[in-house]
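What follows is a short report on a single structure.
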Amino acid sequence: MTKKSSGFGNDADEFSPDSQNQGCPYSNNELDTGWVSRVQDKLATWFEGAQRTLPWRQDRDPYRILVSEMMLVQTTVTAVVPYFERFLARFPDVEALATADEPDVLKLWEGLGYYRRARQLHAAAQMIVSKHGGVMPMDPKQIRELPGVGRYIAGAILSQAFDLPEPILEANSQRVLARLIGWRGEQGSSETLRRLWGCAERLVPSRGAGNFNQALMELGALICTPRSPSCLICPVSEECRARREGLQDVIPTLTRRPEPLAASESSIVVRRAGRCLIVKRGPGGLWEGFWEFPTIHLEGANPGKRPTRDDTDSRWCPGDDRAPGRDRA
DNA sequence: AATCCGGGGGC
DNA sequence: GCCCCAGGATT
């Protein structure tokens with residue numbers, strides 16, 4: 001890795017007037033090899049004694065890592081644990097998942113949200129079986145080709161399952177790294193992500209990458225929390241620029257959330273002979289392919305891409321799909 | 001670069 | 001009530 005490609009060079013643009021870090025000039029003096037080594041060692045040592053016992057940490061099975069990462073996308077650890085246990089009991093290996101029927105997979109996902117992930121995971125399992133002989137490939141490019149697998153999940157699999165020195169960057173490590181280097185750019189902006197990915201690349205050790213990456217995330221979950229970080233018991237507080245400058249409460253820079261859109265809908269329950277009519281939701285919208293009572297969109301947002309009053313003549317929903325015979329009114 | 005995709009935990 | 005969560009795909 002060259003000095004410039006590391007993203008932490010002394011380039012003049014680091015201090016350009018229009019830099020978002022004006023007033024807190026970004027310096028590379030914390031990213032020299034000494035600083036990197038200290039952060040690596042202190043985090044690894046802390047992680048040995050402080051890590052939580054989580055069901056996907058009991059071994060390095062890449063299938064289990066994949067399932068956990070897919071479930072953990074924008075979802076808290078506490079929410080995932082029971083789902084993970086049930087899912088692995090029903091689909092203990094990649095072949096079992098690959099040969100499963102999609103409705104059975106979705107049923108185990110019910111309540112987790114982001115149901116696209118369940119379909120992607122199912123398809124990924126089928127791809128691993130059909131294209132890779134049922135074995136998770138160790139090639140970053142091939143892993144990234146799996147549906148639902150981006151740079152983060154690929155790095156997590158490569159480092160945690162195969163101990164390859166691939167970086168990761170997600171919600172926890174974004175916060176941890178931003179504070180460590182005192183980066184004041186806006187949370188989630190492309191410049192911030194570029195900078196933090198570079199930092200993650202610089203920090204990931206050539207050996208023990210899986211544990212280091214997990215230590216970064218564990219620190220964010222347990223110590224370096226979004227609000228009121230526990231700097232007094234943080235193993236890397238001495239290496240933290242935000243801490244040194246008293247900026248731990250303003251980093252990362254928060255972004256305003258857009259206001260939720262109001263939506264108005266109308267549903268009808270059609271009962272006959274003790275049964276109810278249900279219809280299947282159409283493609284491309286919220287809860288795609290799920291069953292519900294016939295519903296039309298009235299006004300406001302229409303996240304399910306539902307039909308409105310004007311097109312209810314002959315079809316109840318965009319999917320134009322009727323309930324199975326036993327459920328029809 | 002912006003939007004969409006969900007549901008729940010925690011304060 | 002509001003913020004946040006082991007991101008990725010699509011436009």
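Proteins get letters first, then strands, A, B, ... in listed order; numbering begins at 1 in each. Note that these values count all heavy atoms, side chains included, but never hydrogens, waters or copies made by symmetry.
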**Request:** Using a 4.0 Å heavy-atom cut-off across all strands, classify A:Val149 as base, sugar-phosphate, or nothing.
**Result:** sugar-phosphate

**Request:** Give A:Ser68 one of three labels, base, sugar-phosphate or nothing, depending on what nucleic acid heavy atoms sit under 4.0 Å from its own.
**Result:** nothing

**Request:** Taking the side chain as every heavy atom from C-beta outward, state whether A:Glu69 and A:Tyr152 have any pair of such atoms under 4.5 Å apart.
**Result:** yes

**Message:** Tell me the closest heavy-atom pair linking A:Thr295 and A:Ser267, and the distance in Å.
**Reply:** OG1-OG, 2.8 Å

**Message:** For A:Arg194, is there an ion pair with A:Glu191 - N to carboxylate O distance below 4.0 angstrom?
**Reply:** no

**Request:** Decide whether A:Glu170 and A:Ser173 meet the rule of one side-chain donor and one side-chain acceptor closer than 3.5 Å.
**Result:** yes

Donor-acceptor pairs under 3.5 angstrom involving side-chain atoms of residues 223-234 of chain A: please list them, not counting sequence neighbours.
residue	atom	partner	partner atom	Å
A:Thr225	OG1	A:Arg227	O	3.0
A:Thr225	OG1	A:Ser228	O	3.4

**Asked** Taking C-beta and beyond as the side chain, do A:Ile278 and A:Phe293 meet within less than 4.5 Å on heavy atoms?
**Response** yes

**Request:** Measure from CE on A:Met71 to C1' on C:dG8 and round the result to the nearest Å.
**Result:** 17 Å

**Asked** Just the dot-bracket of DNA chain B, please: which string comes out with Watson-Crick or G-U pairs under 3.5 Å, [ ] for crossing, | for another strand?
**Response** |||||.|||||

**Prompt:** With a non-hydrogen cut-off below 4.0 angstrom, is A:Glu218 in contact with a base, only sugar-phosphate, or nothing?
**Reply:** nothing

**Request:** Could you check whether A:Trp109 gets within reach of a base, just the sugar-phosphate, or nothing at all, counting any heavy atom under 4.0 Å?
**Result:** nothing

**Request:** Evaluate the side-chain proximity of A:Pro167 to A:Leu203: yes if any heavy-atom separation is below 4.5 Å, no if none is.
**Result:** no

**Message:** Less than 4.0 angstrom from a charged side-chain N to a carboxylate O is my criterion; do A:Arg306 and A:Glu292 meet it?
**Reply:** yes

**Message:** Across nucleotides 3-11 of chain B, 5' to 3', mark each nucleotide with B, S or - according to how protein heavy atoms within less than 4.0 Å reach it.
**Reply:** --BBS-S--

**Request:** Would you classify A:Leu216 as touching base, sugar-phosphate or nothing, given that sugar-phosphate means primed atoms plus P, OP1 and OP2, and contacts are heavy atoms under 4.0 Å?
**Result:** nothing

**Request:** Using a 4.0 Å heavy-atom cut-off across all strands, classify A:Arg119 as base, sugar-phosphate, or nothing.
**Result:** nothing

**Asked** Would you say A:Arg175 reaches C:dC5's phosphate, i.e. side-chain N/O to OP1/OP2 under 4.0 Å?
**Response** yes

